[in-house]
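Throughout, protein chains are lettered first and strands after them, A, B, ... in sequence-line order, and every chain is numbered starting at 1.
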There are 2 protein chains.
Amino acid sequence: MWRKLTGTEIRVQETKVVRDIERLPKRKRQQQLVKIIEENPFVTDQELTRMLKVSIQTIRLDRMELGIPELRERLKLMAERSYDQVRSLPLHEVIGDIVDLQLDRSGISIFEIREEHVFSRTHIARGHHLFAQANSLAVAVINDEIALTASADIRFVRSVKLGEKCIAKAYVRSISGSRSKAKVEVFSYVGEEMIFQGHFIIYRSASAINGSEGGDEHENRH
Amino acid sequence: MWRKLTGTEIRVQETKVVRDIERLPKRKRQQQLVKIIEENPFVTDQELTRMLKVSIQTIRLDRMELGIPELRERLKLMAERSYDQVRSLPLHEVIGDIVDLQLDRSGISIFEIREEHVFSRTHIARGHHLFAQANSLAVAVINDEIALTASADIRFVRSVKLGEKCIAKAYVRSISGSRSKAKVEVFSYVGEEMIFQGHFIIYRSASAINGSEGGDEHENRH
DNA sequence: CTACATTTAGTACCAGGTTCTAAACTGCGT
DNA sequence: ACGCAGTTTAGAACCTGGTACTAAATGTAG
């Protein structure tokens, strides 16, 4: 369909220019259509006819060619996406996927930096996400029903960019005699490079209920 | 519609008890209906007839009485909600509302602990949200186009619960000679009580591009 | 028995489409 | 001037998941 056009386009100029400016409207219209629907997915075909000054059939042919589903399908997809997000928010309770866990000893989690984790202009990951991964892991590695971060000393060694996979490794360094506190060290890497390190003091169940308690806790994983 | 019912309910007991256990099926069914739709908003009236073993008209009467909109309306509402959320996500870039800002001097932000910030079982705020508020503020108070957290030393003084409002106050303590680093102290309070404190080292634009750079930055706010 | 609530049935209608068939119009090559 | 392809428009039948309304059947308490 378009093969022919591009072929002729390249060859001659004077005659085909006319052809192109006559043909472009379809492409242009479809581009516009995509843009309109993108920035307002709630628009009906009816409304589109008014905006693009073509018949409703043309709108529908365009949607078909572009693979854009009908209004209701779009809404359903959006609803499902947001519903899934809400559902997977409990998964959001631990930031990063824990791939290895030896309670009271060590743990490893992986966290991929995605669009929502970076500063839009520079695509550099925001610090609190790296902290959150490390903090979650430090809390998870403690073998108690409740564990709360009491304090932390952290360092952002280098910035992490969109798409990079952070691998955090946590080591439990010491358990206090009364077992009320634990020291956990976390090192995060992208590849071989260390990008973050943190020293966490975690309060655990017995002492965590009263007294100076921190900002995080966790449930026993299996 | 319900006024009458509740009226008789309150008055007499022995006679109405019978009436109630005869009436309950309706109420019970409606409670079930609410629950079903709540945990699966994508269900059609047809599917509900099978689940509740009543006619589709009853389902629809129930929905009316309960003020539950039809499937398509539900999906539309969800889609709109998620769309608004996505739109207001850039607001999520700074955690907490900045209410006062004196660049290179001090700043104040307020952050209310909501459902999504707490651990579901205990309703205690997760540490990284408190950190995020403080970190955002520490970065915001620096008068530079780009600012990145290099390191932080933080302490969770006491746990914060659902519904509490955290007020974070940041003070720029020192600016290095070359202006490449700044020291920022942040103290967060619920009412009079301090709940968090942190010491941040922030790298600023000139030196931030190369060298050891942190995990956060910010754009100039007006 | 009667009055009232509850449930079910059925019809007409609607939005926002899909699917399919059939015309027009447009412009180009020959 | 003619045909042909790409494009646009029109129209009818049908679909889902409802609303709105009328009417009848069933229950049940007083």
Student: Would you please name every residue forming a side-chain hydrogen bond (donor to acceptor under 3.5 Å, both in side chains) with B/Q102, sequence neighbours left out?
Tutor: B/S106

Student: Base, sugar-phosphate, or nothing for B/R74, non-hydrogen atoms under 4.0 angstrom?
Tutor: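 No contact.
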
Student: Tell me whether the OP1 or OP2 atom of C/dT7 has a side-chain N or O from B/R60 closer than 4.0 Å.
Tutor: no

Student: Mind jotting down which residue pairs meet the ring-ring contact (aromatic ring centres under 6.0 Å, His included) criterion with at least one end in residues 30-57 of chain B? Sequence neighbours excluded, please.
Tutor: A/Y83-B/F42

Student: Is the number of heavy atoms from other residues, nucleotides or ligands within 6.0 Å of CZ (B/R155) greater than 12?
Tutor: no

Student: In whole angstroms, how far is the P atom of D/dG18 from the NZ atom of A/K76?
Tutor: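 Between P of D/dG18 and NZ of A/K76: 11 Å.
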
Student: Between B/E70 and A/T58, which has a closest nucleotide on DNA chain D that is more 5'?
Tutor: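 So the residue in question is A/T58.
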
Student: Which residues pass the side chain to side chain contact (heavy atoms under 4.5 Å, CB included) test with B/E47, not counting sequence neighbours?
Tutor: B/V43, B/T44, B/R50

Student: Kindly calculate the angle separating the two end axes of the helix from C/dC1-D/dG30 to C/dT30-D/dA1, each obtained from five base pairs, and round it to 10 degrees.
Tutor: 10°

Student: What is the distance, rounded to the nearest whole Å, between atom CZ of A/F42 and atom P of C/dG17?
Tutor: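 So the two atoms are 13 Å apart, to the nearest Å.
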
Student: Taking only side-chain nitrogens and oxygens of B/S55, does any of them come within less than 4.0 Å of OP1 or OP2 of C/dT8?
Tutor: yes

Student: NA contact type, A/I56, heavy-atom cut-off 4.0 Å: base, sugar-phosphate, or nothing?
Tutor: nothing

Student: CG of A/L75 versus P of D/dG18: gap in Å, rounded?
Tutor: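 Rounding to the nearest Å, CG of A/L75 and P of D/dG18 are 14 Å apart.
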
Student: Counting primed atoms plus P, OP1 and OP2 as sugar-phosphate and everything else as base, spell out the protein contacts along nucleotides 11-16 of chain D at 4.0 Å heavy-atom distance: B, S or - for each nucleotide, 5' to 3'.
Tutor: B----B

Student: From the options C/dG17, C/dT8, D/dT8, select the nucleotide whose nearest atom is closest to the side chain of A/R63.
Tutor: C/dG17

Student: What residues, two or more places apart in sequence or in another chain, satisfy side-chain hydrogen bond (donor to acceptor under 3.5 Å, both in side chains) together with B/R114?
Tutor: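 Testing B/R114 for side-chain hydrogen bond (donor to acceptor under 3.5 Å, both in side chains), a comparison that skips the adjacent residues, returns B/E116.
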
Student: From C/dT7, D/dG17, C/dG16, pick the nucleotide closest to the side chain of A/L71?
Tutor: C/dG16

Student: Rounded to the nearest Å, what distance is computed from the CG atom of residue A/L77 to the P atom of nucleotide C/dG17?
Tutor: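 For the pair A/L77 CG and C/dG17 P, the rounded distance is 14 Å.
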
Student: Just to verify, what does B/A134 make a side chain to side chain contact (heavy atoms under 4.5 Å, CB included) with, not counting sequence neighbours?
Tutor: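 Scan of B/A134 (side chain to side chain contact (heavy atoms under 4.5 Å, CB included), adjacent residues dropped) gives B/V186, B/F196, B/F200.
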
Student: Rounding to an integer number of Å, can you tell me how far A/D45 CG sits from C/dC14 C1'?
Tutor: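 Distance, rounded to whole Å: 16 Å.
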
Student: Could you please name the option among D/dT8, C/dT7, D/dT19 that lies closest to any side-chain atom of B/K26?
Tutor: C/dT7

Student: Can you tell me how far C1' of C/dT6 sits from CG of B/L52, to the nearest Å?
Tutor: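 Atom CG in B/L52 sits about 16 Å away from atom C1' in C/dT6.
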
Student: When the distance from NZ of A/K53 to P of D/dT8 is rounded to whole Å, what number comes out?
Tutor: 17 Å

Student: Mind checking what makes side-chain hydrogen bond (donor to acceptor under 3.5 Å, both in side chains) contact with A/T49, not counting sequence neighbours?
Tutor: none

Student: Using atom names, set out every protein N or O paired with an N or O of nucleotides 21-25 of chain C below 3.5 Å, distance rounded to 0.1 Å.
Tutor:
none

Student: With sequence neighbours excluded, what pairs up with A/Y189 under the side chain to side chain contact (heavy atoms under 4.5 Å, CB included) test?
Tutor: A/K169, A/F187, A/M194

Student: List the residues meeting side chain to side chain contact (heavy atoms under 4.5 Å, CB included) with A/Q31, not counting sequence neighbours, and say none if there are none.
Tutor: none

Student: Run the side-chain hydrogen bond (donor to acceptor under 3.5 Å, both in side chains) test against B/R74 and tell me which residues pass, sequence neighbours left out.
Tutor: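 Expected list: none.
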
Student: Measure from CD on B/Q46 to P on C/dA9 and round the result to the nearest Å.
Tutor: 12 Å

Student: Can you tell me how the ring of A/H117 sits relative to the ring of A/H129, calling it parallel under 30°, perpendicular over 60° and tilted otherwise?
Tutor: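 Ring orientation, 0 to 90° scale: perpendicular.
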
Student: Charged N to carboxylate O below 4.0 Å: is that the case for A/K26 and A/E65?
Tutor: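 Looking at A/K26 and A/E65, the cut-off is met.
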
